[in-house]
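Throughout, a chain's letter reflects where its sequence line sits, starting with A, and its residues are numbered from 1. This is a predicted model, so every value here is computed, not measured.
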Number of protein chains: 2
Amino acid sequence: MKMNEGVEWAMHSCVNLSWAPGEAVTAKRLAAFYNLPTAYLNKQLQALTRAGILSSVSGPKGGFQLARDPRNISLLDIVVAIDGPDDAFRCMEILKEGPGADARADYTKVCVISQAMRGAELTYRRELASRSIADIADEVVRLNPSAPDNTRSRFANLKS
Amino acid sequence: MKMNEGVEWAMHSCVNLSWAPGEAVTAKRLAAFYNLPTAYLNKQLQALTRAGILSSVSGPKGGFQLARDPRNISLLDIVVAIDGPDDAFRCMEILKEGPGADARADYTKVCVISQAMRGAELTYRRELASRSIADIADEVVRLNPSAPDNTRSRFANLKS
DNA sequence: GACAGGGTACTCGGATACGTCCTGTCCGAGTTACAACGG
DNA sequence: CCGTTGTAACTCGGACAGGACGTATCCGAGTACCCTGTC
(Lines give C-alpha, C1' and ligand atoms only; values in the text may rest on other atoms or scores of the structure.)
Protein backbone atom coordinates (compact mmCIF):
# COMPACT_ATOMS: atom_id res chain seq x y z
CA MET A 1 0.00 0.00 0.00
CA LYS A 2 2.09 2.86 -1.20
CA MET A 3 0.94 6.08 -2.73
CA ASN A 4 2.24 7.59 -5.93
CA GLU A 5 5.36 9.66 -5.56
CA GLY A 6 3.76 12.38 -7.65
CA VAL A 7 1.25 13.24 -4.93
CA GLU A 8 3.97 14.88 -2.86
CA TRP A 9 5.26 16.83 -5.86
CA ALA A 10 1.77 17.94 -6.82
CA MET A 11 0.99 19.24 -3.34
CA HIS A 12 4.21 21.24 -3.07
CA SER A 13 3.69 22.60 -6.57
CA CYS A 14 0.14 23.70 -5.76
CA VAL A 15 1.33 25.51 -2.63
CA ASN A 16 4.00 27.27 -4.66
CA LEU A 17 1.47 28.16 -7.34
CA SER A 18 -0.78 29.67 -4.68
CA TRP A 19 1.97 32.23 -4.08
CA ALA A 20 2.13 33.23 -7.74
CA PRO A 21 -1.52 34.04 -8.53
CA GLY A 22 -2.39 35.10 -12.04
CA GLU A 23 1.00 33.99 -13.32
CA ALA A 24 1.49 31.00 -15.61
CA VAL A 25 4.41 28.94 -14.30
CA THR A 26 5.98 26.36 -16.60
CA ALA A 27 6.53 22.75 -15.60
CA LYS A 28 10.21 23.35 -16.19
CA ARG A 29 10.43 25.98 -13.47
CA LEU A 30 8.24 24.02 -11.09
CA ALA A 31 10.52 21.02 -11.56
CA ALA A 32 13.72 23.06 -11.16
CA PHE A 33 12.38 24.24 -7.81
CA TYR A 34 13.11 20.84 -6.23
CA ASN A 35 15.35 19.26 -8.90
CA LEU A 36 12.59 16.97 -10.10
CA PRO A 37 12.43 15.27 -13.52
CA THR A 38 10.60 17.79 -15.69
CA ALA A 39 8.72 15.44 -17.99
CA TYR A 40 7.40 13.30 -15.17
CA LEU A 41 6.24 16.29 -13.12
CA ASN A 42 4.54 17.52 -16.27
CA LYS A 43 2.61 14.27 -16.34
CA GLN A 44 1.32 14.88 -12.83
CA LEU A 45 0.39 18.47 -13.67
CA GLN A 46 -1.58 17.17 -16.62
CA ALA A 47 -3.56 14.96 -14.26
CA LEU A 48 -4.28 17.96 -12.04
CA THR A 49 -5.44 19.86 -15.12
CA ARG A 50 -7.77 17.06 -16.18
CA ALA A 51 -9.19 17.11 -12.65
CA GLY A 52 -9.92 20.83 -12.92
CA ILE A 53 -7.43 21.80 -10.22
CA LEU A 54 -5.02 23.57 -12.56
CA SER A 55 -5.51 25.42 -15.82
CA SER A 56 -2.87 25.16 -18.51
CA VAL A 57 -1.79 27.37 -21.42
CA SER A 58 0.44 26.22 -24.26
CA GLY A 59 3.11 28.13 -26.06
CA PRO A 60 5.53 30.84 -24.94
CA LYS A 61 4.31 32.67 -21.84
CA GLY A 62 2.37 29.49 -21.20
CA GLY A 63 2.36 27.29 -18.12
CA PHE A 64 0.14 26.22 -15.23
CA GLN A 65 -1.82 28.10 -12.61
CA LEU A 66 -4.46 27.24 -10.05
CA ALA A 67 -7.86 26.93 -11.69
CA ARG A 68 -9.74 27.96 -8.57
CA ASP A 69 -9.30 29.48 -5.14
CA PRO A 70 -6.78 27.50 -3.05
CA ARG A 71 -9.36 27.44 -0.26
CA ASN A 72 -11.43 25.17 -2.51
CA ILE A 73 -8.61 22.73 -3.28
CA SER A 74 -8.37 20.01 -0.65
CA LEU A 75 -5.55 17.56 -0.17
CA LEU A 76 -8.04 14.83 -1.02
CA ASP A 77 -8.70 16.45 -4.40
CA ILE A 78 -5.01 16.14 -5.23
CA VAL A 79 -4.75 12.56 -3.99
CA VAL A 80 -7.76 11.56 -6.07
CA ALA A 81 -6.46 13.35 -9.15
CA ILE A 82 -3.02 11.71 -9.01
CA ASP A 83 -3.61 8.41 -7.29
CA GLY A 84 -7.12 7.61 -8.51
CA PRO A 85 -10.46 7.50 -6.74
CA ASP A 86 -10.44 3.83 -5.73
CA ASP A 87 -10.19 2.77 -2.11
CA ALA A 88 -7.03 1.00 -1.02
CA PHE A 89 -9.00 -1.94 0.35
CA ARG A 90 -11.02 -3.58 -2.40
CA CYS A 91 -13.62 -6.05 -1.20
CA MET A 92 -13.60 -8.88 -3.73
CA GLU A 93 -16.69 -10.40 -2.15
CA ILE A 94 -15.04 -13.71 -1.47
CA LEU A 95 -18.02 -14.48 0.78
CA LYS A 96 -19.91 -15.23 -2.43
CA GLU A 97 -17.83 -18.39 -2.67
CA GLY A 98 -18.52 -19.36 0.93
CA PRO A 99 -21.32 -21.47 2.44
CA GLY A 100 -24.83 -20.02 2.50
CA ALA A 101 -23.90 -17.28 0.06
CA ASP A 102 -26.60 -15.13 -1.45
CA ALA A 103 -25.83 -14.29 -5.07
CA ARG A 104 -28.09 -11.25 -4.92
CA ALA A 105 -26.40 -9.69 -1.89
CA ASP A 106 -23.86 -6.88 -2.25
CA TYR A 107 -21.14 -8.11 0.07
CA THR A 108 -19.21 -4.86 -0.20
CA LYS A 109 -22.05 -3.46 1.94
CA VAL A 110 -22.98 -6.56 3.95
CA CYS A 111 -19.57 -7.98 4.87
CA VAL A 112 -18.56 -6.75 8.32
CA ILE A 113 -14.87 -6.68 7.42
CA SER A 114 -15.58 -4.60 4.34
CA GLN A 115 -17.61 -2.21 6.47
CA ALA A 116 -14.79 -1.79 8.98
CA MET A 117 -12.19 -1.16 6.31
CA ARG A 118 -14.39 1.25 4.43
CA GLY A 119 -15.14 3.11 7.64
CA ALA A 120 -11.46 3.53 8.42
CA GLU A 121 -10.72 4.82 4.95
CA LEU A 122 -13.64 7.18 5.23
CA THR A 123 -12.14 8.88 8.28
CA TYR A 124 -8.84 9.09 6.41
CA ARG A 125 -10.43 10.76 3.41
CA ARG A 126 -12.48 13.06 5.61
CA GLU A 127 -9.29 14.23 7.28
CA LEU A 128 -7.67 14.96 3.91
CA ALA A 129 -10.79 16.68 2.63
CA SER A 130 -10.77 19.04 5.60
CA ARG A 131 -7.35 20.47 4.71
CA SER A 132 -7.05 22.89 1.83
CA ILE A 133 -4.00 24.12 -0.02
CA ALA A 134 -4.69 27.54 1.48
CA ASP A 135 -4.55 26.03 4.99
CA ILE A 136 -1.18 24.46 4.21
CA ALA A 137 0.16 27.66 2.71
CA ASP A 138 -0.98 29.70 5.73
CA GLU A 139 0.70 27.26 8.10
CA VAL A 140 3.95 27.46 6.11
CA VAL A 141 3.81 31.26 6.25
CA ARG A 142 3.30 31.12 10.01
CA LEU A 143 6.46 29.04 10.39
CA ASN A 144 8.46 30.88 7.74
CA PRO A 145 6.99 34.29 6.80
CA SER A 146 9.43 34.84 3.95
CA ALA A 147 8.42 31.66 2.12
CA PRO A 148 6.10 33.33 -0.45
CA ASP A 149 8.69 35.97 -1.36
CA ASN A 150 11.38 33.32 -1.58
CA THR A 151 9.22 31.31 -3.93
CA ARG A 152 8.39 34.25 -6.17
CA SER A 153 12.00 35.38 -6.40
CA ARG A 154 13.13 31.87 -7.17
CA PHE A 155 10.53 31.63 -9.92
CA ALA A 156 11.90 34.92 -11.29
CA ASN A 157 15.50 33.68 -11.18
CA LEU A 158 14.56 30.51 -13.00
CA LYS A 159 12.85 32.45 -15.75
CA SER A 160 15.88 32.50 -18.05
CA MET B 1 -2.65 3.21 -3.59
CA LYS B 2 -4.06 -0.24 -3.44
CA MET B 3 -3.76 -2.74 -0.65
CA ASN B 4 -2.69 -6.35 -1.05
CA GLU B 5 -5.46 -8.72 -1.92
CA GLY B 6 -4.24 -11.08 0.77
CA VAL B 7 -5.35 -8.74 3.55
CA GLU B 8 -8.99 -9.58 2.90
CA TRP B 9 -8.26 -13.30 2.82
CA ALA B 10 -6.25 -13.12 6.01
CA MET B 11 -8.99 -11.30 7.91
CA HIS B 12 -11.70 -13.74 6.87
CA SER B 13 -9.42 -16.67 7.70
CA CYS B 14 -8.67 -15.27 11.15
CA VAL B 15 -12.37 -14.86 11.88
CA ASN B 16 -12.99 -18.44 10.81
CA LEU B 17 -10.09 -19.65 12.92
CA SER B 18 -11.55 -17.86 15.93
CA TRP B 19 -14.51 -20.24 15.66
CA ALA B 20 -12.29 -23.32 15.74
CA PRO B 21 -10.19 -22.73 18.85
CA GLY B 22 -7.57 -25.31 19.73
CA GLU B 23 -7.88 -26.96 16.34
CA ALA B 24 -5.15 -26.82 13.70
CA VAL B 25 -6.73 -25.97 10.34
CA THR B 26 -4.72 -26.55 7.19
CA ALA B 27 -4.21 -23.92 4.53
CA LYS B 28 -5.92 -26.28 2.11
CA ARG B 29 -9.18 -26.22 4.05
CA LEU B 30 -9.00 -22.49 4.69
CA ALA B 31 -8.52 -21.93 0.96
CA ALA B 32 -11.33 -24.32 -0.02
CA PHE B 33 -13.65 -22.27 2.19
CA TYR B 34 -13.73 -19.46 -0.39
CA ASN B 35 -12.23 -21.21 -3.45
CA LEU B 36 -8.93 -19.36 -3.06
CA PRO B 37 -5.57 -20.50 -4.50
CA THR B 38 -4.12 -22.68 -1.75
CA ALA B 39 -0.44 -21.91 -2.24
CA TYR B 40 -0.95 -18.18 -2.29
CA LEU B 41 -3.14 -18.16 0.80
CA ASN B 42 -0.46 -20.26 2.45
CA LYS B 43 1.97 -17.46 1.70
CA GLN B 44 -0.22 -14.96 3.53
CA LEU B 45 -0.67 -17.32 6.48
CA GLN B 46 3.09 -17.62 6.69
CA ALA B 47 3.31 -13.84 7.03
CA LEU B 48 0.75 -13.91 9.83
CA THR B 49 2.80 -16.62 11.53
CA ARG B 50 5.99 -14.56 11.28
CA ALA B 51 4.08 -11.67 12.84
CA GLY B 52 3.05 -13.82 15.80
CA ILE B 53 -0.65 -13.73 14.94
CA LEU B 54 -0.90 -17.40 14.02
CA SER B 55 0.99 -20.45 15.17
CA SER B 56 1.75 -23.21 12.70
CA VAL B 57 2.42 -26.93 12.96
CA SER B 58 3.88 -29.06 10.17
CA GLY B 59 3.02 -32.57 9.15
CA PRO B 60 -0.19 -34.57 9.33
CA LYS B 61 -2.64 -33.17 11.88
CA GLY B 62 -0.77 -29.92 11.33
CA GLY B 63 -2.13 -26.55 10.29
CA PHE B 64 -2.68 -23.04 11.61
CA GLN B 65 -4.45 -21.63 14.63
CA LEU B 66 -4.63 -18.27 16.35
CA ALA B 67 -1.54 -17.68 18.45
CA ARG B 68 -3.34 -15.44 20.92
CA ASP B 69 -6.78 -14.35 22.04
CA PRO B 70 -8.76 -12.85 19.13
CA ARG B 71 -9.48 -9.86 21.36
CA ASN B 72 -5.79 -9.03 21.12
CA ILE B 73 -5.61 -9.24 17.31
CA SER B 74 -6.52 -5.95 15.70
CA LEU B 75 -7.26 -5.35 12.04
CA LEU B 76 -4.18 -3.14 11.99
CA ASP B 77 -2.04 -6.08 13.11
CA ILE B 78 -3.17 -8.02 10.06
CA VAL B 79 -2.68 -5.12 7.67
CA VAL B 80 0.84 -4.55 8.98
CA ALA B 81 1.68 -8.25 8.80
CA ILE B 82 0.54 -8.64 5.18
CA ASP B 83 1.00 -5.21 3.67
CA GLY B 84 4.03 -4.02 5.59
CA PRO B 85 4.50 -1.33 8.23
CA ASP B 86 5.30 1.59 5.91
CA ASP B 87 2.93 4.51 5.51
CA ALA B 88 1.28 4.97 2.14
CA PHE B 89 2.54 8.53 1.85
CA ARG B 90 6.34 8.59 1.90
CA CYS B 91 7.85 12.03 2.38
CA MET B 92 10.93 12.09 0.17
CA GLU B 93 12.01 15.39 1.69
CA ILE B 94 12.08 17.18 -1.62
CA LEU B 95 12.28 20.42 0.38
CA LYS B 96 15.95 19.58 0.89
CA GLU B 97 16.44 20.47 -2.78
CA GLY B 98 14.55 23.72 -2.42
CA PRO B 99 15.77 27.24 -1.53
CA GLY B 100 16.91 27.88 2.01
CA ALA B 101 17.04 24.19 2.82
CA ASP B 102 18.60 23.02 6.05
CA ALA B 103 20.55 19.79 5.55
CA ARG B 104 20.27 18.95 9.25
CA ALA B 105 16.49 19.29 9.40
CA ASP B 106 14.23 16.22 9.31
CA TYR B 107 11.65 17.34 6.79
CA THR B 108 9.46 14.32 7.46
CA LYS B 109 8.71 16.08 10.75
CA VAL B 110 9.02 19.73 9.68
CA CYS B 111 7.20 19.74 6.33
CA VAL B 112 3.60 20.84 6.82
CA ILE B 113 2.35 18.61 4.02
CA SER B 114 4.10 15.60 5.50
CA GLN B 115 2.51 16.39 8.86
CA ALA B 116 -0.96 16.60 7.36
CA MET B 117 -0.60 13.33 5.48
CA ARG B 118 0.89 11.53 8.47
CA GLY B 119 -1.90 12.86 10.66
CA ALA B 120 -4.57 11.52 8.32
CA GLU B 121 -2.93 8.11 8.14
CA LEU B 122 -2.67 8.10 11.92
CA THR B 123 -6.44 8.41 12.29
CA TYR B 124 -6.81 5.63 9.75
CA ARG B 125 -4.50 3.31 11.65
CA ARG B 126 -6.09 4.23 14.96
CA GLU B 127 -9.46 3.22 13.57
CA LEU B 128 -8.10 -0.13 12.42
CA ALA B 129 -6.28 -0.69 15.72
CA SER B 130 -9.54 -0.20 17.64
CA ARG B 131 -11.23 -3.15 15.93
CA SER B 132 -10.29 -6.68 16.92
CA ILE B 133 -11.00 -9.98 15.24
CA ALA B 134 -13.23 -10.81 18.21
CA ASP B 135 -15.26 -7.64 17.56
CA ILE B 136 -15.74 -8.63 13.93
CA ALA B 137 -16.67 -12.19 14.86
CA ASP B 138 -19.21 -10.97 17.44
CA GLU B 139 -20.79 -8.66 14.89
CA VAL B 140 -21.07 -11.47 12.36
CA VAL B 141 -22.73 -13.67 14.98
CA ARG B 142 -25.19 -10.89 15.76
CA LEU B 143 -26.20 -10.75 12.09
CA ASN B 144 -26.03 -14.50 11.49
CA PRO B 145 -26.06 -16.57 14.70
CA SER B 146 -25.43 -19.84 12.91
CA ALA B 147 -22.17 -18.66 11.32
CA PRO B 148 -19.78 -20.34 13.79
CA ASP B 149 -21.57 -23.70 13.52
CA ASN B 150 -21.65 -23.39 9.74
CA THR B 151 -17.93 -22.73 9.71
CA ARG B 152 -17.10 -25.66 11.98
CA SER B 153 -19.26 -28.09 10.03
CA ARG B 154 -17.73 -26.90 6.77
CA PHE B 155 -14.26 -27.44 8.19
CA ALA B 156 -15.35 -30.95 9.16
CA ASN B 157 -16.76 -31.71 5.72
CA LEU B 158 -13.56 -30.51 4.07
CA LYS B 159 -11.45 -32.79 6.23
CA SER B 160 -11.31 -35.65 3.74
C1' DG C 1 6.92 54.54 -40.28
C1' DA C 2 3.13 51.13 -39.87
C1' DC C 3 1.10 46.84 -40.92
C1' DA C 4 0.65 42.11 -42.58
C1' DG C 5 2.55 37.55 -43.13
C1' DG C 6 5.56 33.80 -42.36
C1' DG C 7 8.81 31.51 -39.65
C1' DT C 8 10.70 30.16 -35.25
C1' DA C 9 11.04 29.05 -30.59
C1' DC C 10 8.77 27.49 -26.65
C1' DT C 11 5.22 24.91 -23.95
C1' DC C 12 1.68 21.46 -23.03
C1' DG C 13 -0.24 16.77 -24.32
C1' DG C 14 -0.29 12.09 -25.23
C1' DA C 15 2.15 7.88 -26.73
C1' DT C 16 6.08 4.92 -25.73
C1' DA C 17 9.96 1.89 -22.86
C1' DC C 18 11.81 0.41 -18.22
C1' DG C 19 11.80 -1.12 -13.40
C1' DT C 20 9.56 -2.74 -9.24
C1' DC C 21 6.23 -5.07 -6.65
C1' DC C 22 2.07 -7.85 -6.27
C1' DT C 23 0.17 -12.23 -7.86
C1' DG C 24 0.53 -17.03 -8.55
C1' DT C 25 3.06 -21.50 -8.53
C1' DC C 26 6.32 -25.13 -7.50
C1' DC C 27 9.38 -28.18 -4.95
C1' DG C 28 11.99 -29.33 -0.64
C1' DA C 29 12.29 -29.71 4.87
C1' DG C 30 10.02 -31.37 8.72
C1' DT C 31 6.73 -34.20 11.26
C1' DT C 32 3.30 -37.50 12.28
C1' DA C 33 0.80 -41.74 11.65
C1' DC C 34 0.80 -46.29 10.23
C1' DA C 35 2.29 -50.82 9.18
C1' DA C 36 5.41 -54.46 9.47
C1' DC C 37 8.55 -57.04 12.11
C1' DG C 38 10.72 -59.11 15.96
C1' DG C 39 10.70 -60.30 20.81
C1' DC D 1 0.25 -59.47 22.64
C1' DC D 2 3.52 -55.44 22.90
C1' DG D 3 7.36 -52.57 21.62
C1' DT D 4 10.37 -50.89 17.99
C1' DT D 5 11.64 -49.40 13.59
C1' DG D 6 11.22 -48.05 8.98
C1' DT D 7 8.34 -46.17 5.53
C1' DA D 8 5.02 -43.27 3.55
C1' DA D 9 1.93 -39.52 3.40
C1' DC D 10 0.86 -34.99 4.57
C1' DT D 11 1.82 -30.11 5.86
C1' DC D 12 4.40 -25.84 6.24
C1' DG D 13 8.33 -23.04 4.40
C1' DG D 14 10.93 -20.69 1.20
C1' DA D 15 12.54 -20.24 -3.66
C1' DC D 16 10.98 -19.46 -8.50
C1' DA D 17 8.12 -17.31 -12.91
C1' DG D 18 4.33 -14.10 -14.83
C1' DG D 19 1.74 -9.85 -15.01
C1' DA D 20 0.19 -5.26 -13.65
C1' DC D 21 1.19 -0.75 -12.30
C1' DG D 22 4.22 3.13 -11.07
C1' DT D 23 8.32 5.53 -12.95
C1' DA D 24 10.72 7.81 -16.49
C1' DT D 25 11.28 9.57 -21.16
C1' DC D 26 10.51 11.20 -25.89
C1' DC D 27 8.25 13.31 -29.81
C1' DG D 28 4.18 15.72 -31.87
C1' DA D 29 0.21 19.57 -31.51
C1' DG D 30 -0.62 24.21 -30.50
C1' DT D 31 0.46 29.13 -29.62
C1' DA D 32 2.77 33.59 -28.98
C1' DC D 33 6.61 36.26 -30.37
C1' DC D 34 9.75 38.20 -33.74
C1' DC D 35 11.67 39.23 -38.00
C1' DT D 36 11.05 40.49 -42.69
C1' DG D 37 8.95 42.47 -46.55
C1' DT D 38 5.67 45.62 -48.45
C1' DC D 39 2.68 49.68 -48.69
Side-chain angles (χ1 to χ4, degrees), chain A residues 1-10 13 17 23-32 34-51 53-65 67 79 81-86 88-90 92 94 155 158-160, chain B residues 1-10 13 17 23-32 34-51 53-65 67 79 81-86 88-90 92 94 155 158-160:
Chain A
M1 184 174 61
K2 63 186 174 61
M3 183 173 288
N4 282 18
E5 180 69 16
V7 173
E8 186 183 5
W9 306 356
S13 295
L17 284 172
E23 178 186 0
V25 183
T26 67
K28 192 176 181 181
R29 275 186 282 167
L30 284 168
Y34 300 118
N35 279 333
L36 301 175
T38 302
Y40 191 32
L41 177 63
N42 189 24
K43 191 182 181 65
Q44 317 298 344
L45 298 175
Q46 285 176 35
L48 293 179
T49 302
R50 275 193 295 271
I53 295 171
L54 300 184
S55 64
S56 65
V57 178
S58 276
K61 287 289 182 183
F64 297 91
Q65 53 181 317
V79 169
I82 304 290
D83 212 56
D86 294 337
F89 182 87
R90 307 155 288 168
M92 301 304 279
I94 64 175
F155 276 154
L158 292 169
K159 267 205 167 85
S160 61
Chain B
M1 183 172 67
K2 64 185 175 57
M3 183 172 288
N4 283 18
E5 180 68 16
V7 172
E8 185 184 5
W9 305 356
S13 294
L17 283 173
E23 178 187 0
V25 183
T26 67
K28 192 176 180 180
R29 274 186 283 169
L30 285 169
Y34 300 117
N35 279 335
L36 301 176
T38 302
Y40 192 31
L41 176 63
N42 190 21
K43 193 181 181 65
Q44 319 296 345
L45 298 175
Q46 284 176 37
L48 294 179
T49 303
R50 275 193 296 271
I53 295 171
L54 300 184
S55 64
S56 66
V57 177
S58 277
K61 286 291 182 182
F64 297 91
Q65 54 182 317
V79 169
I82 304 290
D83 212 56
D86 294 337
F89 181 87
R90 307 155 288 168
M92 301 305 277
I94 65 175
F155 278 154
L158 292 168
K159 268 204 167 85
S160 62

Using OP1 and OP2 only, check whether a side-chain N or O of A/R50 sits under 4.0 Å from C/dG14. yes
Would one find a side-chain N or O of A/S56 under 4.0 angstrom from OP1 or OP2 of C/dG13? yes
Contact class for [X] (heavy atom, under 4.0 Å): base, sugar-phosphate, or nothing?
| X | result |
| --- | --- |
| A/A24 | nothing |
| A/P60 | base |
| A/N4 | sugar-phosphate |

Would you check if the side chain of A/Q44 reaches a backbone N or O of A/W9 as a donor-acceptor pair within less than 3.5 Å? no
Checking B/N4 side chain against B/D83 main chain: does a donor-acceptor pair fall under 3.5 Å? no
How many Å lie between [atom1] on [X] and [atom2] on [N], as a whole number?
| X | N | atom1 | atom2 | result |
| --- | --- | --- | --- | --- |
| A/Q46 | D/dC27 | CD | C1' | 13 Å |
| B/K43 | D/dC16 | NZ | C1' | 10 Å |
| B/L36 | C/dT25 | CG | P | 11 Å |
| A/I94 | C/dT23 | CD1 | P | 13 Å |
| A/Y40 | C/dA17 | OH | P | 18 Å |
| B/K28 | C/dT25 | NZ | P | 15 Å |
| B/L54 | D/dT11 | CG | C1' | 15 Å |
| A/M92 | C/dC22 | CE | P | 16 Å |

Name the closest nucleotide to the A/F64 side chain, picking from D/dT11, D/dT23, C/dG13. C/dG13
For the side chain of B/A39, counting heavy atoms from C-beta on, which of C/dC26, C/dC12, D/dC26 is nearest? C/dC26
Would you kindly compare B/D83 and B/V57 by the position of their nearest DNA chain C nucleotide and give the one closer to the 5′ end? B/D83
Closest nucleotide of DNA chain C for A/K2 versus for A/N42: which of these residues is on the 5' side? A/N42
Indicate yes or no: at least one non-hydrogen side-chain atom of A/K2 is less than 4.5 angstrom from one of B/D86. no
With a cut-off of 6.0 Å (strictly less than), are more than 12 heavy atoms of other residues, nucleotides or ligands near CE of A/M92? no
For A/M1, does the CE atom have more than 12 heavy-atom neighbours from other residues, nucleotides or ligands under 6.0 Å away? yes
Considering heavy-atom distances to DNA chain D, does A/G6 or A/G59 have its closest nucleotide positioned more toward the 5' end? A/G6
